[in-house]
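None of these values were measured; they are calculated from a predicted model.
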Amino acid sequence: MDAAPDPRWDLADLIRRRMDELGLSFRKLAEAAVDPAGEGAGALWTRGTLENLTKREPVKAPSAPQLRALAVGLQLPLRSVQDAAAAQWFGVETVYDDDVDPETRLLVRRYQSMSPEDRRRLQIIAETYDPTGS
């Protein structure tokens with residue numbers, strides 16, 4: 001049986017780094033983190049939750065509206081925030097191949113621990129997969 005993987009802090013680290021870049025306080029980020037799809041919903045993050053998250057304390061996995069709101073507050077593409085959350089809570093790494101199709105992404109467990117040969121095999125599978133079977 002595999003040993004439990006080390007905890008991941010991808011979203012926590014992304015938030016902290018981006019707050020530093022933008023000069024945001026936890027309170028300012030909480031105020032700015034409003035879901036653009038949730039008319040009148042208001043802020044979806046509290047200062048305390050954001051602070052706990054960046055201190056690497058346990059918090060609940062965020063919802064889709066919370067991730068959209070966080071992307072707005074951090075002024076980042078939603079895709080970046082979603083990828084960081086998937087890695088932190090589910091151990092899933094997102095792999096893109098911008099040379100083939102920048103919109104295509106693979107969600108892969110333990111990608112970083114794969115050998116370069118295994119990564120290349122995975123890339124070939126993704127590039128040649130045809131869901132229609134033709």
(request) Answer with yes or no whether the hydrophobic clustering places Val92 together with Leu11; edges join I, L, V, M, F, W, Y residues whose side-chain heavy atoms lie under 4.5 Å apart. (result) yes
(request) Please list, chain by chain and in numerical order, all residues satisfying side chain to side chain contact (heavy atoms under 4.5 Å, CB included) with Leu22, sequence neighbours excluded. (result) Arg18, Leu24, Gln75
(message) With a 4.5 Å cut-off on side-chain heavy-atom distances among I, L, V, M, F, W and Y, is there a chain of contacts connecting Val81 to Val34?
(response) no
(request) Would you mind listing every salt bridge (charged side-chain N to carboxylate O under 4.0 Å, His left out) that reaches into residues 55-75, with sequence neighbours excluded? (result) Asp13-Arg56, Asp35-Arg68, Glu51-Lys55
(request) Determine whether Leu76 and Leu70 fall in the same hydrophobic cluster, where Ile, Leu, Val, Met, Phe, Trp and Tyr are linked whenever their side-chain heavy atoms lie under 4.5 Å apart. (result) yes
(message) As an exercise, state the distance from CG of Asn52 to CZ of Arg47, rounded to the nearest 0.5 Å.
(response) 8.5 Å
(message) For Gln66, is there any backbone N or O sitting under 3.5 Å from a side-chain donor or acceptor partner on Trp45?
(response) yes
(message) Thr54: which residues meet the side-chain hydrogen bond (donor to acceptor under 3.5 Å, both in side chains) condition with it, sequence neighbours left out?
(response) none
(request) Could you list the residues that satisfy side chain to side chain contact (heavy atoms under 4.5 Å, CB included) with Ala87, not counting sequence neighbours? (result) Arg8, Asp10
(message) Give me the atom names and distance for the closest heavy-atom approach of Ala43 to Ala30.
(response) CB-O, 3.1 Å
(request) Indicate, with yes or no, if Leu14 and Val72 share a hydrophobic cluster defined by side-chain heavy-atom contacts under 4.5 Å among Ile, Leu, Val, Met, Phe, Trp and Tyr. (result) no
(message) Taking side chain to side chain contact (heavy atoms under 4.5 Å, CB included) as the definition, give me every residue that meets it alongside Ala12, ordered by chain and number, with sequence neighbours left out.
(response) Trp9, Leu53, Gln88
(message) Suppose we screen for side chain to side chain contact (heavy atoms under 4.5 Å, CB included). Which residues come up paired with Ser25, at least two apart in sequence or across chains?
(response) Arg27, Lys28
(message) So that I can tick it off, tell me whether Arg121 and Asp118 are bridged by a salt bridge, with the cut-off set at under 4.0 angstrom between side-chain N and carboxylate O.
(response) yes
(request) Dump the intermediate steps for side-chain contact (heavy atoms from CB on, under 4.5 Å) on Leu74 and Ile15, then the final yes or no. (result) CA-CA 7 Å; Leu74 295 172; Ile15 292 169; 3.9 Å; yes
